[in-house]
Undergrad: 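Pasting a structure here, questions to come.
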There are 2 protein chains.
Amino acid sequence: MAMNVRTLCLGILSMREATGYEIKKMVEDGVFSHFIDASFGSIYPALAQMLREGLVSVRAEEQQGKPGRKVYSITPEGRAALRAAVNTDPARDKFKSEFLFQMLFLDQIDPSHLAVIYDAYLEEQEAELARIEDCAGEIDEGPGAQFVQDYGRTMMTTAIRFLRENRAAMLDIFAEKAKEEAGS
Amino acid sequence: MAMNVRTLCLGILSMREATGYEIKKMVEDGVFSHFIDASFGSIYPALAQMLREGLVSVRAEEQQGKPGRKVYSITPEGRAALRAAVNTDPARDKFKSEFLFQMLFLDQIDPSHLAVIYDAYLEEQEAELARIEDCAGEIDEGPGAQFVQDYGRTMMTTAIRFLRENRAAMLDIFAEKAKEEAGS
DNA sequence: CCTCACATGTAATGAGTTACATGATTGG
DNA sequence: CCAATCATGTAACTCATTACATGTGAGG
């Protein structure tokens, strides 16, 4: 499946019309934030290209005080393209975690940083969970949205519990290392 | 943190010497497979570049029957580079899931495909769990490796349970849609 | 006063994937 | 005989990120 920025924009536009700026915001802290990432540098060109191809249409809106905005809507051709993308087999999930990589080589980590890194990660996961809870009912509630939200909540809750339960053990290692270094 | 193919190779080489081919295999079905991805097209150039930079060294090995292999080892400079990389703050986790995206737009999915996609995903997660269990004790058991393995197992187990518990509800939607389409 | 939110866009750059190119041996 | 495993490497290409470029109004 071609799950790139184009498909992402089509997906969002199939639910509601939006500007490039709004799409970025939705990706940042909406339901999508859990499993998608996109920057302005990819969203704007994608919308422009799809406009040329007729998959989306624009309506320019003047605003007082604020800069003008371009509100994009999906066209029937765009819906067809989204349907086509969604009906292909999904690619494998990719879970890229620098934190886990670091944990694998924690003997290389400066003892005074291990706790910092660990706690920062824990807090990040907690923030992610809060974000997921926050955007409950944000978009048209369909069974799919419900499923995705529940999935995200379940995974985040599990991760947080695991990190809390193993924190002591990980910091013991830190303490031992610090002792060794003090002793030598 | 610069968690790219270079750092990955350095990380693996810090545990044992290996060829580019072996690194690829380890990434494919070792402890790393859960959170990292790399292809030959990125591994070989990375090793070549690091050789020029003195971060790794090579030893050519002739083999009868099999093509010659280049066994790479990490140098003190390489270890320093790894240590430096591991001691920077980790970037945010990126969990990219086309499956979750598709679930969000499941009303666009051809009913006869929904079950197929769902079950394929479930099986994939089960395979991932099996892979994690399999590589227990594969590499030098440190507390970090243990942590990472436990984390992966916990997450995969949770995902599988969730997918099993919600399968019926998701396939009900499928059944309803099929009924509607048959009725119209 | 300064920074943040709003709002759009381009260009340079980076990092990786896929496909290509080659070749021997082993097992079904 | 054909496919898979072992084994290395290059080139074209895709995709996205970062930084740049520009501008206003509101709130602290």
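Letters A, B, ... mirror the listed sequences (proteins, then strands); counts begin at 1. If you're wondering where the values come from, they're calculated on a predicted model, not measured in any experiment.
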Undergrad: Quickly work out the R59(B) CZ to dA7(D) P distance and round it to whole Å.
TA: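 Whole-Å distance recorded here is 13 Å.
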Undergrad: Is the centre of the F35(B) ring less than 6.0 Å from the centre of the F101(A) ring?
TA: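 Not close enough - the centres of the two rings lie 6.0 Å or further apart.
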Undergrad: What residues form a side chain to side chain contact (heavy atoms under 4.5 Å, CB included) with P45(B), not counting sequence neighbours?
TA: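 If we apply the side chain to side chain contact (heavy atoms under 4.5 Å, CB included) test to P45(B), skipping adjacent residues, there are no hits.
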Undergrad: Got a sec, which residues hit side chain to side chain contact (heavy atoms under 4.5 Å, CB included) with A46(A), two or more places apart in sequence or on another chain?
TA: V5(A), R6(A)
Undergrad: To the nearest Å, give me how far apart CG (D29(A)) and P (dA5(C)) are.
TA: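 Going from D29(A) (CG) to dA5(C) (P), I get 11 Å.
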Undergrad: For Y44(B) and dT18(C), give me the distance from atom OH to atom P, rounded to whole Å.
TA: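 Distance check: Y44(B) OH to dT18(C) P gives 16 Å.
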Undergrad: Could you tell me the separation between the CD1 atom of I23(A) and the P atom of dC6(C), rounded to a whole number of Å?
TA: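 One finds 15 Å between P of dC6(C) and CD1 of I23(A), rounded.
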Undergrad: How many Å lie between OH on Y21(B) and P on dA24(C), as a whole number?
TA: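 Checked: the OH to P distance equals 17 Å.
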Undergrad: Check nucleotides 15-18 of chain D for protein N or O atoms closer than 3.5 Å to its own N or O atoms and list the pairs.
TA:
residue, atom, partner, partner atom, Å
dA16(D), OP1, V5(A), N, 3.2
dT17(D), OP2, S39(A), N, 3.1
dT17(D), OP2, S39(A), OG, 2.7
dT17(D), OP2, S42(A), OG, 3.1

Undergrad: Over how many whole Å does the gap from E61(A) atom CD to dT8(C) atom P extend?
TA: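 Rounding to the nearest Å, CD of E61(A) and P of dT8(C) are 10 Å apart.
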Undergrad: Rounded off to whole Å, could you give me the CE-to-P distance for the M26(A) and dC6(C) pair?
TA: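 Answer to the nearest Å: 14 Å.
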Undergrad: Please check if the number of heavy atoms outside K94(B) that lie under 6.0 Å from its NZ is greater than 12.
TA: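 No, NZ of K94(B) has 12 or fewer neighbouring heavy atoms, counting only those of other groups under 6.0 Å.
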Undergrad: Does the pair D37(A)/K96(B) count as a salt bridge with the N-to-O cut at 4.0 Å?
TA: no
Undergrad: Roughly how bent is the helix from dC1(C)-dG28(D) to dG28(C)-dC1(D) end to end, in steps of 10 degrees, with each end axis from five pairs?
TA: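 One end's axis against the other's: 40°.
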Undergrad: Quick one: list whatever passes side chain to side chain contact (heavy atoms under 4.5 Å, CB included) with V58(A), sequence neighbours left out.
TA: L51(A), K70(A), Y72(A)
Undergrad: In this structure, how many angstroms lie between the P atom of dT17(C) and the CD atom of E28(B), rounded?
TA: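 Nearest whole value for this atom pair: 12 Å.
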Undergrad: Considering residues at least two apart in sequence or located in another chain, which fulfil the side chain to side chain contact (heavy atoms under 4.5 Å, CB included) criterion with K24(B)?
TA: E28(B), F40(B), I43(B)
Undergrad: Of the nucleotides dG9(C), dT8(C), dA7(D), which one has an atom closest to the side chain of K70(A)?
TA: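 Of dG9(C), dT8(C), dA7(D), dG9(C) is nearest to the side chain of K70(A).
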Undergrad: Does this structure show an ion pair linking R153(B) with D150(B), if we count only N-O contacts that are shorter than 4.0 Å?
TA: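 Salt bridge present between R153(B) and D150(B).
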Undergrad: For the residue pair F147(A) and F99(B), categorise the inter-ring angle as parallel (less than 30°), tilted (30 to 60°) or perpendicular (more than 60°).
TA: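 Taking F99(B) first and then F147(A), their aromatic rings stand perpendicular (interplane angle over 60°).
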